[in-house]
Asker: 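This is the structure, below, for whatever I ask next.
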Amino acid sequence: MRPLLAILSFTLMRLAGTRVNCGMPLLRISLALLACVAVSLAAQASPSGSNDPQLVEASRQAAAGSLHEAEQTLRHFLSAHENSADGHELLGYVLFKENEPKLSLTEYNSAASLRPLQPSQFEVMGCDYFLLEDYASADEWLTKSIDLGNKNALVFYLLGRTKYNERRFEEAAHLFTESLALDPRNLKAQTNLGHAYEELGRTEDALAAYKGAVALESDSKAGDAEPYEALGALLTEEGRPAEALPFLIKAAELASDRAWVQRELGKTYLALKEPGQARAALETAVNLDPQNGPSHFLLGQAYQKLGMAGEARRERDRYRELGDNHSIPDDPLSEARSLVQAGKLAQAEEATRSYLDLHKNSADAHYLLGYILFKRLNAKGSLAEYTEAARYRRPTAKDLEVVAGDYVLLHDYPDADKWFTQSLSWDPTNWQALYYLGRTKYNENRFDEAVTIFLKCLQSEPKSVKAEDNLGLSLEALGRTEEAIAAYRNAISWESVSSAPDFGPYLDLGALLVTNDRSPEALTYLERALAIAPQEVRVHRELGKAFLHLDRLQEAQAELQKSIALAPDEAPTHFILAQVYRKRGLAEKARLEFQRYTALAASHSTDDSR
């Protein structure tokens with residue numbers, strides 16, 4: 001069964017109408033930036049000092065953009081030359097370009113065990129960690145790259161972005177300034193300097209930086225809307241909507257498909273008392289992102305000013321529905337809720353705590369902070385806030401659903417069971433809570449009850465892939481193998497016509513078939529699971545087991561090594577790989593894998609559920 005807490009954390013985002021991707025693009029390296037990094041570091045595509053024909057060919061393939069072919073060439077080369085530092089370094093770089101940061105880091109670590117890495121390679125490793133959102137490690141390796149003499153505009157910019165994500169804004173501003181000293185026309189560095197100044201409360205400096213970015217963009221005609229939208233939004237925030245308007249109009253021309261731009265444009269038109277123009281922009285924003293509550297609220301204001309009372313009421317109702325019945329955006333907590341919707345959880349927590357400093361008995365604020373902390377995976381802190389909030393106001397059924405989710409994060413399944421059950425007693429129509437109660441029963445090993453609950457889920461949603469898949473898991477746990485196989489096949493037939501791909505039933509059926517010595521049949525399902533979820537650890541592991549059963553040992557080894565690269569601390573995978581090495585006559589490698597398995601199993605091994 002896939003981890004309950006991971007799925008729960010993602011799904012419960014809807015409780016506050018959370019947007020996964022909106023606002024300023026500050027938290028992740030964009031595809032465009034990734035391409036920029038790749039071009040800047042292209043020198044790494046040539047293995048230093050090696051004339052081996054396979055490495056030269058892999059370099060040529062990588063330089064031509066044929067990354068998959070380059071990876072295959074390098075893996076074939078390394079199967080015969082495991083101790084080639086050149087091969088591991090080049091494969092690490094190719095995997096970075098393929099946006100495979102975990103696998104890239106594995107190769108660089110292999111290379112580092114053979115010879116010291118170069119500063120430019122530390123820069124790529126820093127980018128790998130940035131892509132993984134491990135900003136502390138990204139900081140470490142980018143800083144090391146600079147300390148060893150790799151001082152170029154891009155590495156200063158990347159470290160600045162990393163410092164920004166660590167909320168170390170003074171250092172971020174300094175690094176963006178360093179980047180600009182080396183490359184004065186670096187549009188991204190100029191724009192992000194403005195973001196750092198804005199976070200520091202240096203409004204005039206931020207405005208100057210954004211204006212500088214706008215001038216650079218205008219000269220280069222790069223088609224980048226970000227400096228215009230950042231400048232316009234800040235001017236509107238500062239009560240200067242007339243100045244903001246031309247910049248936001250330009251941003252909308254460059255990025256007509258961005259809901260955030262349209263919303264800021266509509267807000268500015270409202271401030272200028274132009275409700276007709278505001279209506280047009282906000283209707284566009286709502287069409288682009290129907291789940292964004294503030295856009296509906298602002299559109300309601302535009303309708304109200306135009307005398308369209310029915311439409312205004314409809315938009316306010318929609319806002320309240322998306323906002324989980326919280327108060328409207330002119331209350332003091334509205335900014336915190338907007339930050340939650342934008343995915344800016346650290347800022348949302350800070351804003352809510354500031355409000356609580358002045359309003360210690362606010363039930364709304366404690367419930368909101370509890371939800372924010374849940375989303376930040378701070379279950380104990382979240383539970384403390386829900387407990388405090390309940391002193392001032394009775395929780396809702398959805399509040400109890402989040403409380404149950406906190407206990408899932410703590411692996412306290414009996415208490416999760418209790419609160420999911422209580423939530424359902426208050427709102428029996430909540431399908432999601434019922435589904436998670438079934439998952440919780442499964443984790444409590446109460447498989448008969450889990451079967452009953454998943455059947456009830458299927459009565460409400462007759463072709464729910466995930467309910468049918470989990471029904472199969474519960475039946476399998478009860479030893480009812482043929483019924484489990486039938487359930488998995490049902491889930492697969494429904495998944496095949498669904499618009500939302502789900503690897504789960506393919507993986508679960510394939511794994512069960514492998515366990516029952518039906519590996520040839522299992523391959524079809526496991527390969528489909530791999531196509532849907534190529535980074536899923538268990539898919540690679542189950543494929544490795546299937547290939548082992550079929551005596552296809554080289555393929556088994558490759559899949560198990562990929563699984564370990566993605567999750568090095570999964571003890572069962574090391575055990576299976578040791579078996580593969582033993583069958584291939586690689587006694588020393590088998591011994592090392594058995595040692596690794598034993599060490600992990602003795603500490604906190606993850607049991608093989610098959």
Side-chain angles (χ1 to χ4, degrees), residues 21-37 40 153-154 156-165 169-170 172-269 271-272 281 284-285 288 342-344 347:
N21 180 22
C22 69
M24 298 294 185
L26 301 177
L27 295 181
R28 304 179 192 277
I29 293 183
S30 65
L31 292 176
L33 178 57
L34 190 61
C36 175
V37 174
S40 174
L154 179 61
F156 281 120
Y157 170 71
L158 293 169
L159 184 55
R161 291 273 297 234
T162 302
K163 298 287 190 184
Y164 185 97
N165 282 281
F169 301 120
E170 286 280 8
H174 173 74
L175 287 158
F176 292 134
T177 302
E178 289 282 317
S179 179
L180 287 162
L182 294 170
D183 181 7
R185 302 194 64 76
N186 187 325
L187 175 59
K188 290 293 185 184
Q190 184 72 37
T191 305
N192 280 273
L193 178 61
H195 293 320
Y197 283 147
E198 190 172 347
E199 290 289 348
L200 290 166
R202 295 167 57 177
T203 302
E204 290 306 316
D205 288 335
L207 289 170
Y210 290 145
K211 287 176 181 176
V214 164
L216 287 174
E217 199 288 330
S218 179
D219 288 344
S220 67
K221 295 181 171 52
D224 189 345
E226 186 180 355
Y228 297 96
E229 65 187 20
L231 177 56
L234 183 54
L235 286 168
T236 297
E237 194 70 25
E238 291 297 307
R240 297 157 64 178
E243 292 179 63
L245 186 60
F247 298 110
L248 290 169
I249 289 173
K250 179 65 174 178
E253 289 175 0
L254 293 172
S256 59
D257 59 345
R258 290 190 61 177
W260 188 87
V261 174
Q262 297 292 339
R263 191 181 76 194
E264 290 301 311
L265 181 58
K267 186 192 298 184
T268 300
Y269 276 126
L272 292 169
T284 301
L288 289 169
K344 298 179 179 180
Q347 294 103 308

Asker: Minimum heavy-atom separation for A252 to Q262, with atom names?
Answerer: CB-NE2, 3.9 Å
Asker: Measure the shortest side-chain to side-chain distance between Q347 and E199 over non-hydrogen atoms and say whether it is less than 4.5 angstrom.
Answerer: yes
Asker: In Å and rounded to the nearest 0.5 Å, what is the CD to CG distance from E243 to L207?
Answerer: 8.5 Å
Asker: Measure the spacing between OG1 of T236 and NZ of K267 and express it to the nearest 0.5 Å.
Answerer: 7.5 Å
Asker: Between K250 and E229, is there a salt bridge with N-O shorter than 4.0 Å?
Answerer: no
Asker: Please report the C-alpha distance between E198 and Y210 in whole Å, then the side-chain angles of each, then the deciding distance to 0.1 Å, and finally whether the side-chain contact (heavy atoms from CB on, under 4.5 Å) criterion is met.
Answerer: CA-CA 10 Å; E198 190 172 347; Y210 290 145; 2.7 Å; yes
Asker: Check A255 against A225 and note the closest heavy-atom contact, atom names and distance.
Answerer: CB-CB, 3.7 Å
Asker: Looking only at heavy atoms, which two atoms of A213 and P227 are closest? And how far apart?
Answerer: CB-CB, 3.6 Å
Asker: Would you call L245 and L265 a side-chain contact if the rule is heavy atoms closer than 4.5 Å?
Answerer: yes
Asker: What is the minimum heavy-atom distance between L235 and A244, and which atoms define it?
Answerer: CB-CB, 3.6 Å
Asker: What's the spacing between L193 CG and Y157 OH if we round to 0.5 Å?
Answerer: 11.5 Å
Asker: If you define the side chain from C-beta out and look only at heavy atoms, does anything of F176 sit under 4.5 Å from R161?
Answerer: yes
Asker: Distance-only, no hydrogens or angles: does the S220 side chain make a donor-acceptor pair with backbone N or O of E217 under 3.5 Å?
Answerer: yes
Asker: To the nearest 0.5 Å, tell me how far T284 OG1 sits from R263 CZ.
Answerer: 14.0 Å
Asker: Between CG of L175 and CG of L159, what distance do you get to the nearest 0.5 Å?
Answerer: 4.5 Å
Asker: For S179 and A153, which heavy atoms make the closest approach, and how far apart are they?
Answerer: OG-O, 2.8 Å
Asker: Compare all side-chain heavy atoms of R258 with those of L288 and state whether any distance is below 4.5 angstrom.
Answerer: no
Asker: Quickly, which of T191, L187, L254 forms a side-chain contact (heavy atoms from CB on, under 4.5 Å) with D224? Name it, please.
Answerer: L187
Asker: Does E226 come within less than 4.0 Å of K188, counting only side-chain N to carboxylate O?
Answerer: yes
Asker: Which atoms form the tightest heavy-atom contact between A242 and L272, and what is the distance?
Answerer: N-CD2, 3.7 Å
Asker: Between H195 and F169, is a ring pair (Phe, Tyr, Trp, His ring centres under 6.0 Å) present by the stated rule, with each step listed?
Answerer: CA-CA 9 Å; H195 293 320; F169 301 120; over 10 Å; no
Asker: Would you say S218's side chain and V214's backbone share a donor-acceptor pair under 3.5 angstrom?
Answerer: no
Asker: Near E237 CD, under 6.0 Å, is it more than 12 heavy atoms from other residues, nucleotides or ligands?
Answerer: no
Asker: Less than 4.5 Å apart, any side-chain heavy atom of Y228 and any of L248?
Answerer: no
Asker: Roughly how far, to the nearest 0.5 Å, is the CG atom of L158 from the NZ atom of K163?
Answerer: 13.0 Å
